[in-house]
Amino acid sequence: MDSAQQPKYDPSAIEATAQAAWQASDAYRVTEYAKDKTGKLKPKFYACSMLPYPSGKLHMGHVRNYTINDVMLRHLRMKGFNVLMPMGWDAFGMPAENAAIANHAPPAQWTYQNIADMKAQMQPLGLAFDWSREITTCKPDYYKWNQWLFLKMLERGIAYRKTQVVNWDPVDQTVLANEQVIDGCGWRSGALVEKREIPGYYLAITKYAEELLDSVKNKLTGWPPQVRAMQENWIGKSVGVRFAFHHQISDEQGLIQDGRLFVFTTRADTIMGVTFCAVAPEHPLALHAARSNAAVAKFIEAAKRGGTTEAELAARDKEGVDTGLTVIHPLTRQQIPLWVGNYVLMAYGDGAVMGVPAHDERDFAFAKKYGIAIRQVVAWPTPKIPSNSPLEKGRVDHGNTGHTHAAQLPPLQKGAESRRDDGGFVVYDKCWLPHYGEHGVCIDSGAMNGMNFEQAIEYVATQTKADGGERKTTWRLRDWSISRQRYWGTPIPIINCDGCGAVPVPEKDLPVVLPEHLIPDGSGNPLKKDAAFLNCACPKCGKPAQRETDTMDTFVDSSWYFMRYCSPDSANAMVDARNDYWMPMDQYIGGIEHAVLHLLYARFWTKVMRDMELVKFDEPFTNLFTQGMLSAECFYREDSAGKKRWYYPSEITVRYDDKSRPTGAIANDDGLPVALGGMEKMSKSKNNVVEPKDIIARFGADTARAYVMFAGPPDQSAAWSDSGAEGVYRFLKRLYAYASQAKNASMAKSHADPAPALDFASAGAAVRKLRFEIHSILAQANHDYARLQYNTVVSAGMKMLNALEECKTQVGADWDAVRAESMSILLRMFYPVAPHITWQLWHDAGFAGKHGDIIDAPWPLPDAAALEQDEIEMVIQVNGKLRGHIRVPKDASKTDIEALALADAGVARHTEGKAIKKLIVVPGRLINVVV
RNA sequence: GCGAGUGUGGCGGAAUUGGUAGACGCACUGGAUUUAGGUUCCAGCGCCGCAAGGUGUGUGGGUUCGAGUCCCUCCACUCGCACCA
């Protein structure tokens, strides 16, 4: 056939037609309790991508996220599920304010324009969003419910106001939650965070710490282990004892409470090994000591200045200064020196620690540095010593071989320093350290001798009870600070009255509407200058009062939007019965960057709503999928100053050696070498960003979607490659050409009308072989769909087409029938990945006449009969090595197979003159001859 | 340091349960078509070797008839947390 007459694959035309048809039929609107053709209730499936911030620009990461979501939706929908896939906008936040300052225009305007732009960029991708459920968090009908729930939280004491030292971002001019401080810098601005004392509203997430931890550890099995570990880590539970050291330090300023220094420890069993106490530089006792001790004052001053990043803080040497003061050991009543230590954190526990150098790595380093006594009080009767541990060597050095008890090593409390020169200290230094975390038995501990860990801490808790000692659980998690000194956010519904204080806005007055016309100028919150917003009457006393101008952290908006999708138009309630239908969400899809912040807040919010009986579930997201990021090759040239100039891929040509290994690249303009920068996350500064719109313009949306799926497993990072995308484009072109050939028209027709009962059983072997291949590939593809391995689903489509093309020239009714069946399988199987071209070909082939639109067609399932083979190819191994292949009838007996195998020439060569010890036959697979 | 994850050709990556390692695609090489370039088609392609054959999934060991897959050891890389008492 003359190729010039072949219809040409024109993605832009096909995609426009398909999308217009979908829009005309409102194909993606879903309702609750949908039924199938037989009237049976469909199972529901709620699959949702994380809400995007309307930056105005759609990037490849979005494309990957939404395509995964879309493939899932289309697949499950054809499988008979009632699938919800909504989209919305995380529309409050700082970038809008920054843009407003730059453009002298209200942030609302910028935000709404960006939403329109991004929606327009999404549209060509053909994503099956139910746009009737679209949510924009900066609209009053949404944030009203932020305010409403906040008031409910106030009533229940979940929300509260307090003044405390907070993280202040000097660039964004606002407070940050602990979670939003990364390496001592603001998560968004990157500015060094300052400490400031500011009043604000907090949500008591710590009240839920235990449950949040318990379910992330034990229940959320549908979440990636990494995310679960990160949340566990973040919540940071420590179980121990809190007790007090007495002291007689008087405090003229009243800052020091009642002569007790409280400490928290997880190792109360080591209490008899205390040889010092240390407090944080900000601790009241440290400040008190500084007033009369210049050295302490100097140290505190230095500690304040020193801090840069947390990682550096952690690596910093343990340093401290003796206050000269003493405290009294609660059990021995001995005087214990009190130090100030730079490694003691004011924010954790009581900002003070008991120092047990023998059993704490940090205390050990501190004691060694300052010559403080080291007293061992715990021994390990059955130490876990790895076989390659230097301890073994230490024993040999000491002639101690044969000792199995670490306790038999010389006790360390006496003259540990003097042991420095002898091998024993080396043993201590290198080998006992790993035992810091392990529990043992108390020694040299008076009444506590012989107690195990549990007994010992119970004893300490009991003995110190009279002085306020108790078993206590300490959390790393802090309450969530939600006040932001920003304009573009949900107004906190509070009225500050001189007489009545902070008065909640009555529910009937909600929402407190944020004026959208203000233009921030960078000099603080414009709400403070807007009289119309600011001035109001106190709901309690009616006197003039002022509205709270702080707005809520935008993580509040994203903590429950996925529920509002279920009932976006509910005017009288935050959520309604439709939420009970869709939630909990079956599949949440998004980036790993939200592993702690958003996902923890949303879980907390859900539990609060549950306790208010607004929802019936404990956890919002049953399954979480974190997609990998997209990277791309980058290229650079370094100038003499070491500054890199990054080249666009279009500016360079890559050179290869004779084994097609890239050896380097040259710039197209000057022909001089350019360095290969490797695969890096797409970023503007490295000029390696791939724009979705460019890819769609070049290849169409189906190629963009299919390539993004094909590039690698969706949960791992994937590298963009232009030539890889071209490969997918080639495949779609071949598919289109194959399906469009006149030769195939007749076979398609045979399947379009009520198809004749095709008796493949009587068809020729070659026909049945093709059928076997197609159905085998389908079986594999179905498995891959189920485990969200969409990269191999794309491969499956390619394999099917390859198999079909191999039989292209065959003619006959059997061939027409098998090709028609194969094509209908291929189109449906590949439809979720490339919905436009398959939709078009489905119509062109006439399949729509039988099944209707492809989206309503049943999902293809492999025919068991097709997977049956008359003859099976088996592999023969000799001693596990591949030596030959044989074809055996499917019902061949084991003895027949063995005989056939041994008769094989390749096998005979390797078994000649050797005794056969064993024959292993794995039915349908292989025979292993052991000689 | 702690926690999680990942190591397979020149590259992206396949390999349900232990059973033919390298599917599918890219790149590359040779050939056909084309005035040329591009497109398209055919063939080849882990490594060593002319071949027979050998060898091969980060390292070293183990279990097994048989290990990319299971167990132990070590190494490398990525991500997260990081003085949490």
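Chain identifiers are assigned alphabetically (A, B, ...) following the order of the sequence lines, protein sequences preceding nucleic acid strands; residue numbering begins at 1 within each chain. Quick caveat, the model's predicted, so the values are computed rather than measured.
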Just the dot-bracket of RNA chain B, please: which string comes out with Watson-Crick or G-U pairs under 3.5 Å, [ ] for crossing, | for another strand?
(((((((..(((......[....))).(((((.......))))).(((....)))..(.(((..]....))).))))))))....
Could you go through nucleotides 62-68 of chain B and list every protein N or O atom that sits under 3.5 Å from one of its N or O atoms, giving the distance for each pair?
residue	atom	partner	partner atom	Å
B:C65	OP1	A:K918	NZ	3.4
B:C65	O2'	A:N928	ND2	3.2
B:C65	O2	A:N928	ND2	2.5

Tabulate protein N/O versus nucleotide N/O from nucleotides 2-4 of chain B, keeping only pairs under 3.5 Å, one per line.
residue	atom	partner	partner atom	Å
B:A4	O2'	A:Q226	N	3.4

Kindly give the atom pairs (protein nitrogen or oxygen, nucleotide nitrogen or oxygen) under 3.5 Å for nucleotides 56-58 of chain B.
none

Taking only N/O atoms, report every protein-nucleotides 37-46 of chain B pair under 3.5 Å with atom names and distance.
none

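On the P atoms, B:G25 is 11 Å away from B:C42, given to the nearest whole Å. As rounded to the nearest Å, B:C2 and B:G9 have P atoms that lie 30 Å from one another. B:C72 and B:G13: their C1' atoms are spaced 29 Å apart (whole Å). B:G5 and B:C70: their P atoms are spaced 13 Å apart (whole Å).
Counting non-hydrogen atoms under 4.0 angstrom, A:Q231 reaches nothing in the nucleic acid. Across all strands, A:R228 comes closer than 4.0 Å to no nucleic acid atom at all (heavy-atom distances). As judged by a 4.0 angstrom heavy-atom cut-off over every strand, A:E232 is placed among residues making no nucleic acid contact.
In the interface, the side chain of A:K318 is paired with the base of B:C83 through a donor and an acceptor atom under 3.5 Å apart.
Near RNA chain B, defined here as any heavy-atom distance below 4.0 Å, the residues from residues 710-718 of chain A are A:F710, A:A711, A:P713, A:S717, listed numerically.
B:G9 has its base syn relative to the sugar, with a glycosidic angle deviating from 0 by at most 90°.
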